[in-house]
Structure formats: structure tokens, C-alpha cells
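Here's the structure we're looking at; comments come further down.
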Amino acid sequence: MKSGSKKERIAQRIARELRDGFYVNLGIGIPTMVADYIPEGMDITLHSENGMLGIGPYPTESEMNADLINAGKETISETPGSSYFGSDLSFAMVRGGHIDLSILGGMQVSESGDLANWMVPGSVVKGMGGAMDLVAGSRRVVVAMMHTSKDGSPKILPSCTLPLTGVGVVTMIVTDLAVIEVTKKGLLLTEVAPDTTVDEVREKTGATLRIGDVREMLFAN
Amino acid sequence: MKSGSKKERIAQRIARELRDGFYVNLGIGIPTMVADYIPEGMDITLHSENGMLGIGPYPTESEMNADLINAGKETISETPGSSYFGSDLSFAMVRGGHIDLSILGGMQVSESGDLANWMVPGSVVKGMGGAMDLVAGSRRVVVAMMHTSKDGSPKILPSCTLPLTGVGVVTMIVTDLAVIEVTKKGLLLTEVAPDTTVDEVREKTGATLRIGDVREMLFAN
Amino acid sequence: MGIQYDPAEMIAGIPDGARIMMGGFGMCGIPENSIAMLLETGQKNLTILSNNAGVDTFGIGLLINSGQVSKMISTYIGENTVLEKLLIDGGIEVELVPQGTFAERIRAAGAGLGGFFTPTGVGTVVAEGKETRELHGKTFVFEEPLHADYAFVKASVGDRKGNLFYRKTTQNFNAVMAMAAKKTIAEVEKLVDAGGIEPESVHTPGLFVDVVYQGANFEKRIEKRTYRTADR
Amino acid sequence: MGIQYDPAEMIAGIPDGARIMMGGFGMCGIPENSIAMLLETGQKNLTILSNNAGVDTFGIGLLINSGQVSKMISTYIGENTVLEKLLIDGGIEVELVPQGTFAERIRAAGAGLGGFFTPTGVGTVVAEGKETRELHGKTFVFEEPLHADYAFVKASVGDRKGNLFYRKTTQNFNAVMAMAAKKTIAEVEKLVDAGGIEPESVHTPGLFVDVVYQGANFEKRIEKRTYRTADR
């Protein structure tokens with residue numbers, strides 16, 4: 001399977017975590033793709049931390065407006081009932097627990113739900129943007145990432161080796177291979193992809209996995 | 001002179017402290033009367049801590065609107081360029097030093113500019129409202145009050161005996177008898193009313209007054 | 001989840017002893033309809049957080065008269081003589097907070113902060129027993145966030161996504177309280193479809209609101225009728 | 001005192017080494033005209049506080065290219081390759097702040113607070129060397145206000161009292177920065193008479209603004225042109 005379709009599968013699976021009435025923040029990359037899989041008729045409001053609730057689909061070319069972008073700096077559109085506000089109120093929403101679900105990319109996740117996704121020592125540091133606030137404040141934090149690095153090394157580890165974005169903040173990890181919940185007792189494997197096995201997932205995971213009642217990952221809604 | 005005209009004189013004198021472009025908060029009582037003496041053509045914007053900038057004159061009877069009141073709960077009117085906002089932003093303005101001048105009533109003022117104006121032990125406590133914020137945050141705080149209590153006892157004292165509203169916050173005291181500036185070296189008498197003398201003011205003041213180049217209080221603009 | 005349009009169930013479900021924020025300043029912009037419902041459902045032992053305590057015959061005063069309130073957290077309660085008597089008799093507890101600190105503590109709760117340092121009240125009874133700190137040559141006092149179980153707010157216009165718009169000086173504490181409670185019940189003078197409020201003019205985004213409904217028969221009392229003779 | 005309508009004198013009077021906040025998010029809602037003037041007046045050694053650092057050929061990037069900036073306080077500078085090189089060479093200092101903390105620190109400055117406790121960044125490099133505190137079972141880190149000498153902001157509409165209105169996502173950091181600097185210079189796409197903005201829809205009340213002027217020739221660049229094929 002191509003990496004592109006793997007990423008789509010991750011986005012599809014995460015879309016199953018959406019619930020009617022949720023306010024959701026989507027990070028850059030795979031998380032943005034989740035918007036394409038919101039179940040028909042479900043009332044989901046997308047938050048953009050640069051100061052908007054109610055993101056709609058990408059505009060048509062003629063509708064593009066420099067005054068209307070998302071936190072990824074992409075041109076977007078509004079929906080009926082959208083609202084705009086400043087960065088201070090936007091992050092008051094985030095820290096205050098008013099965002100039901102934040103979906104972010106990850107470089108590493110630890111056994112206790114620590115997340116590293118903003119900085120690789122030795123590389124040029126670009127900044128954490130709003131990620132540290134989103135993970136500290138959102139009610140649920142789902143990390144969307146490939147299960148391993150390109151060289152095959154595990155990204156789910158006993159503890160992160162990269163600088164952290166947040167400590168104990170991740171609720172759930174969804175990869176191309178598995179769904180893993182972060183519980184007080186550690187990582188709980190709950191789903192594996194159709195084309196893999198519990199053993200393969202275990203092998204490609206650096207941290208201890210508790211094995212629950214493992215089901216097959218479902219991608220459609 | 002009647003107490004009413006004395007109060008008007010205080011308001012008139014304080015109006016001379018206004019400067020073009022000032023944002024001003026007027027407390028209840030004598031301070032509210034200052035609005036009547038704003039010099040013609042001077043750009044003064046009145047702030048009401050319940051969430052408004054740009055208070056206009058009282059409305060006509062038919063224009064009264066339950067949705068438009070000042071912090072004294074009186075019906076008011078708006079002016080061109082008025083703005084409305086919430087209490088959090090309103091007090092951000094106050095504490096952040098964005099109000100050029102606050103004018104408040106006083107029960108007692110101390111030598112070092114402490115103000116007591118919200119509570120008399122033994123009486124029913126009604127609350128400090130926004131007074132503590134206004135004195136802590138405004139760039140200049142002018143206290144408008146009668147020079148002595150009804151029984152003739154001084155209200156300007158070495159230190160306040162009533163519970164404080166703020167410590168070292170008063171810039172200037174304007175009474176029916178005098179104008180007194182609060183300086184780092186203590187209280188400085190700068191003006192006395194036409195119908196009194198420096199000696200009378202001294203006698204009716206409980207705190208030490210430094211006597212500067214004392215002029216006659218001017219009430220008109 | 002999902003916004004609701006009928007407040008009856010949520011208000012009936014409020015337990016005795018709940019902490020409820022109520023927007024408004026004096027009689028301006030108060031949640032009249034929700035207060036009336038609470039008066040009917042009759043919960044006891046309530047802690048009410050509101051800038052004022054209403055007057056004897058209206059607003060929060062009605063809940064005080066009915067004996068439902070055991071504690072008020074307010075900034076100024078001077079217009080309610082019934083409350084004054086209860087205070088003297090010890091029938092009700094009152095906690096007074098400076099108005100700006102009240103607003104900021106409520107905002108801190110809504111914004112997920114653990115507290116803040118303010119210059120307000122330093123050297124007064126308000127600062128007694130609290131940490132003070134010198135920061136860049138100025139003294140500040142530490143204040144904690146003020147949370148609540150419910151917020152009753154009143155807006156001029158609401159849409160079906162829960163977005164709220166307040167006219168003139170009715171915003172006051174309504175918008176900030178909507179942020180700070182576990183559940184926010186908004187009554188509006190006019191309920192419109194989503195998109196009926198200009199997106200840039202939304203004061204309270206719907207994500208802060210759990211119930212939005214159109215109130216009936218707003219009295220909108222005026223506390224002090226001050227007016228001038230028409231010049232014409 | 002009193003609002004001014006020409007920014008030239010104030011911008012020319014900015015001293016070397018000044019701290020300047022600049023509104024905008026990416027290229028959206030940035031003070032293009034004020035940046036262009038600062039480029040001409042040529043002050044050096046500036047500290048710029050802005051969410052981003054512009055791109056190589058526009059926005060704050062222009063001031064970085066001209067060597068006027070010695071320090072950036074930002075949340076994400078990933079779109080500026082010139083800055084990346086300067087960072088590696090040590091030609092410029094960059095202080096990175098989480099975006100919500102950046103907004104809140106700026107607000108704290110504007111709101112006269114001495115600092116606050118936030119949950120953001122606890123256990124990360126951001127909290128290193130800072131006080132942390134357990135409050136009601138949760139850990140917070142202490143953050144101080146961020147002040148500036150000047151704020152350059154951009155609004156869609158301004159009136160002659162300095163009231164500002166921002167369209168769509170252009171409000172971002174503009175409104176909060178307008179509160180936090182000693183002097184605020186606002187450029188607007190359209191300058192109208194006092195009363196030309198609905199009083200309830202004013203985002204930045206004029207008391208925060210020292211200069212308001214109508215900018216010329218806004219470029220309003222788009223950083224990422226994302227669009228779908230029209231369905232029709």
C-alpha cells in the first residue's frame with residue numbers, strides 16, 4: 001500500500017472518533033485529511049487556532065481570500081454559523097478545555113502519553129506554534145502518525161528521546177498499523193489494521209503494549 | 001453656600017484637569033457632575049466600567065433604553081464612535097493603564113495617597129464594585145469630596161482609619177475648600193477656594209500640608 | 001453533546017448546592033427567564049456568582065427572597081435591602097470581590113489558567129491571606145480562577161449554533177461567564193438560524209454554549225430612570 | 001494626547017533597539033504599510049514580537065533581510081529560509097514561545113497583570129528555569145507579561161476615534177497587541193468617520209490606538225493557495 005493511502009486510512013480511522021456536537025482542532029498533515037471523512041449529517045465544528053470556528057471546505061479558485069486562512073496558512077472557506085476572534089480568545093478556548101478533540105501529528109509518543117512533535121535537536125528549530133497549548137488543553141488528544149520512522153525504527157517508545165511537546169497528554173494513537181489507547185496502566189492495543197498482526201505491531205512498537213480485546217481497524221463510517 | 005453648589009464647584013474645578021484626548025472614568029456622585037463641565041470642543045471619551053466607551057448625555061425620556069446604562073445603573077446615551085465590550089476587557093483597560101483619569105468620591109485620604117471610600121465598619125457592607133481596580137490601574141486618580149465630614153472632622157488624615165480601597169493611589173484631592181496634590185514628599189496645597197484661607201484649610205485638614213505657591217481655585221474653564 | 005434548544009431539562013436537573021454564575025450588571029442584561037425557571041424548580045443552598053444581587057423584587061433578589069441562595073459572590077450588593085437584612089441576621093453568606101478581579105478570575109477559569117497576579121486590592125482586606133509578589137517594581141496579589149457548575153447568560157441575539165450577540169451594555173459579565181461554567185444556558189431575545197449573526201460580530205462563540213433558547217416576555221426593568229428634557 | 005492620522009512622525013521617531021509587536025498570522029492581517037515605512041526609516045537592532053517572521057520576500061522577512069532585526073520573539077518561523085540561515089550563523093536571536101502563551105502574555109501586559117499560571121509547556125523546555133506550581137491537582141508554569149514599545153497592527157476598517165474592526169481571520173494577534181504596547185499604530189484598509197463601525201462590533205476600542213491611518217496598495221499575499229475545483 002502506498003504511503004498516501006496509509007495516511008488516508010489513518011485519517012479515516014480517526015474520523016470514527018468524532019461525535020455529534022464536537023468542536024475539533026485539526027493539525028497540519030494527516031489530521032487535516034480527517035475533515036474529508038466527517039460522517040454525513042454529523043454536526044462537527046472545526047476550530048482553527050488563528051481565530052476561527054466553523055471551517056468549511058477549500059474555496060474555489062475565485063473564492064480564495066487572503067483574509068481567510070487556517071493555522072496551516074491555507075486558504076479556506078466559512079460555513080453558516082462561523083465565528084472569528086482573536087488569538088487570545090482562541091487559546092482561551094483551547095486551554096480552557098472547550099475543544100473536545102485535537103488531532104496532531106507525532107514524531108514520538110511515550111508509554112505514559114508524552115508527545116514529541118516539534119523539534120529535532122541538530123535540525124533548524126522552527127517553533128512549536130500552538131501545539132503545546134493544544135495538547136495541554138484539549139479534552140482528548142489523538143496522535144496521527146506512521147507507526148515507525150522511515151528507517152523502521154519505532155516511534156512509540158518507553159519514553160521520548162526528542163524534546164517534548166507535552167507530558168502525559170495523548171489519549172489515543174492511530175497509526176497505519178494500529179489503534180493504541182493511552183491508559184493509566186500504560187498503552188493498550190485495541191485495534192490492528194487488516195493487513196497486519198498483533199505480533200507485527202508489537203515488534204514495531206518500542207514500548208510495552210497491553211493487549212486488550214483486539215479488533216480489526218475499521219476505516220469507513 | 002449650599003452643599004449642592006459646593007459640589008458643583010468641586011466638579012467644575014476637576015474639569016480643569018481634563019486634557020484633549022483623555023479617556024476618563026467618572027464615579028458616582030460628584031464625579032458624575034464633571035461631565036457637565038467638559039470644555040467645549042475638547043475630545044474627552046467617558047469610560048463606563050460596565051462595558052462602554054463614549055458615554056453621551058442622559059437620554060430624553062423616550063430614548064431611555066434598558067440595554068444602555070452606566071456603572072451607576074443610570075440610563076445613558078451613546079455618542080458617534082462609542083464602543084461596547086465585556087467586563088473583562090473593560091477592566092483590562094483599567095488595570096492596564098489605558099484610562100488617563102479616574103475621578104472618585106472619598107471618605108478618607110491619607111498623607112501618602114491611600115484612599116478609603118468603600119466601607120464603614122459597623123455599617124452594612126455593600127461592596128467595593130470597581131473602585132479598587134480603578135484606583136490601582138488608572139494613570140491619575142482624583143478624589144472629589146467635601147473637605148470635612150458633616151460633623152466637621154477631617155477626612156484628610158495622616159493615615160486612613162477606615163478600610164482601604166487602595167494604597168498610595170491618589171494623585172490629587174479636590175474639595176470644596178482646596179486643591180491638594182499628593183507628592184512623594186507628602187500633601188502639597190496648591191489652591192484654596194475664594195471664600196476660605198490657607199489657615200482655615202490647614203485647620204480642617206488632619207494631615208500635614210506643605211504649602212506651595214497657593215493660588216485661588218478656579219472653577220470656570 | 002450537541003446544542004439544545006430547551007432549557008427545562010437542564011435547569012430542572014441542577015442539584016441543590018450548585019454554583020451558578022448569572023450575567024448582568026444591575027438589572028441590565030440579566031437572565032430573567034432562567035431565573036424564573038430556577039425559582040419554580042426550587043433548588044436550595046445555591047451559590048450565586050453575579051456582579052450584583054438584583055433588587056428586592058426582581059432578578060437574583062427573587063431567589064434570595066425564596067430562600068434558595070445560601071451564598072453570593074458579588075462585587076456590589078447595595079441595591080438589595082432584603083439581602084442586607086439577611087446579611088445582618090447571618091442568613092446568607094456574601095463574598096465580595098473587586099469587580100475587575102471578579103471578571104478576571106472568571107476569565108481565568110474559562111481560559112484554563114491556574115491564577116494570576118493583579119495590582120488590584122494590594123494593601124487592602126482583599127489581599128489578606130493571599131500571596132503578594134513584587135514583579136518589576138510593582139506589587140501584585142495572587143488571585144485564583146472562579147469556576148461554576150452552570151452559567152445563566154442573556155444575549156440580544158443567538159443563533160442555532162449557540163453564537164451570541166449582545167446589544168449595548170448588556171454584554172457585561174455574560175460573555176465571560178459563558179466561558180467559565182461546566183454548562184452554559186443562554187436565553188436570547190431573538191433566536192435566528194446559523195449564519196444570522198455576522199461572523200466577525202459574534203461575542204460568544206457557540207462552543208461555550210450548551211443550551212440556547214428564546215426567552216418570553218422580557219421585562220428588562222430600568223433601575224435608575226435618568227433622562228433630560230428633550231431640547232426640541 | 002489625542003489620536004493622530006499620520007504615522008510618519010511616530011515611525012520615524014522609533015529609536016534603534018526598540019521592541020515592536022507586529023500583528024498578523026503568516027501573511028494574513030499583517031501591517032504591510034507600517035513595515036514598509038520602517039524599512040525606509042532604517043532603525044537597527046530591533047526586537048520584533050510576532051507570531052511568524054514573514055517569508056523571505058514579504059512581511060517581517062523584509063526587515064530581517066535588511067539587517068534591522070536583532071531578535072525575534074515568535075511561535076513559528078518555519079516559512080522564512082533567510083531567517084533559518086541567520087539563526088544557524090548566529091546573526092539573529094530567536095526566542096520561541098508557545099502560541100497560546102504568546103497571546104496570553106501579550107494580553108497580560110495589556111491588561112495590567114503581573115503574570116499568570118498556564119498548563120502549557122509543563123515538563124518541556126519551555127518551563128525550564130520557570131516556577132511551576134500545583135493548583136487544584138494540576139501543574140502550571142508561571143509566565144510573565146510581554147510588553148513592547150510599539151505595536152504595528154492592521155485592521156480592515158478603522159474610524160477616526162481609532163476603533164478597529166477586523167474581517168475574517170485577520171484579527172489574530174492584532175487586537176491583543178494593540179492593548180500591550182506603549183504606542184499603537186494601526187493601518188486600515190478603510191478609514192471611516194466616528195460611528196462608521198457598529199459600536200457592538202468594535203474589536204479594538206480606540207483607547208488602545210495612538211495613530212490610525214488608511215494604508216495604500218495592500219498586497220495581501222496568500223501563502224498557500226489551496227482551492228478545490230468548482231462543483232458547478
Side-chain angles (χ1 to χ4, degrees), chain B residues 17-25 38-39 41-56 65 67-68 76-102 130 132-141 166 169, chain D residues 1-5 103-116 145-148 151 155 157-166 171 175-184 186 188 191-212:
Chain B
E17 297 299 309
L18 301 173
R19 298 290 176 271
D20 202 47
F22 264 22
Y23 290 88
V24 179
N25 185 290
I38 296 173
M42 189 181 275
D43 177 28
I44 296 295
T45 306
L46 298 179
H47 173 257
S48 194
E49 63 265 33
N50 55 318
M52 180 189 190
L53 277 167
I55 303 177
N65 183 341
D67 287 348
L68 180 48
I76 52 170
S77 71
E78 68 183 31
T79 52
S82 281
S83 57
Y84 300 107
F85 35 83
S87 300
D88 46 336
L89 184 60
S90 188
F91 282 96
M93 292 175 185
V94 169
R95 275 189 320 261
H98 306 286
I99 302 294
D100 296 294
L101 175 61
S102 274
M132 286 192 181
D133 305 279
L134 283 161
V135 300
S138 303
R139 292 196 194 158
R140 297 168 193 79
V141 174
V169 293
Chain D
M1 301 305 300
I3 196 153
Q4 295 165 47
Y5 305 108
E104 195 65 20
R105 289 178 67 190
I106 294 167
R107 180 185 177 278
L113 302 176
F116 57 89
L146 264 180
H147 291 271
V157 185
D159 76 10
R160 296 185 73 85
K161 290 281 287 177
N163 294 308
L164 304 178
F165 173 85
Y166 309 90
Q171 181 174 162
V176 77
M177 286 179 169
M179 297 169 64
K182 283 179 204 139
K183 295 288 175 191
T184 293
V188 300
L191 185 63
V192 299
D193 282 337
I197 303 173
E198 190 185 32
E200 289 88 351
S201 299
V202 169
H203 296 121
T204 296
L207 113 163
F208 294 121
V209 176
D210 298 282
V211 178
V212 61

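The structure presented is a predicted model; accordingly, all values stated were derived computationally and were not measured. As a basis for the values below, the full set of heavy atoms in this structure was taken, side chains included, without hydrogen atoms, waters or symmetry mates. Each chain gets a letter, A, B and so on, in the order its sequence line appears, and its residues count up from 1.
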Locate the shortest heavy-atom distance separating [X] from [Y]; write the atom from each residue and the value.
X	Y	answer
B:M93	D:P205	CE-CG, 3.5 Å
D:M179	B:H98	O-CE1, 3.0 Å
B:G81	D:D159	CA-OD2, 3.9 Å

Distance from B:S82 atom OG to D:E200 atom CD, nearest 0.5 Å?
9.5 Å
Distance, nearest 0.5 Å, that separates CZ of D:R107 from CG of B:L89:
8.0 Å
Apply side-chain contact (heavy atoms from CB on, under 4.5 Å) to D:L207 and B:D100, showing your working.
CA-CA 10 Å; D:L207 113 163; B:D100 296 294; over 6 Å; no
What part of D:R160 gets closer than 4.5 Å to chain B, counting heavy atoms only: side chain, backbone, both or neither?
neither
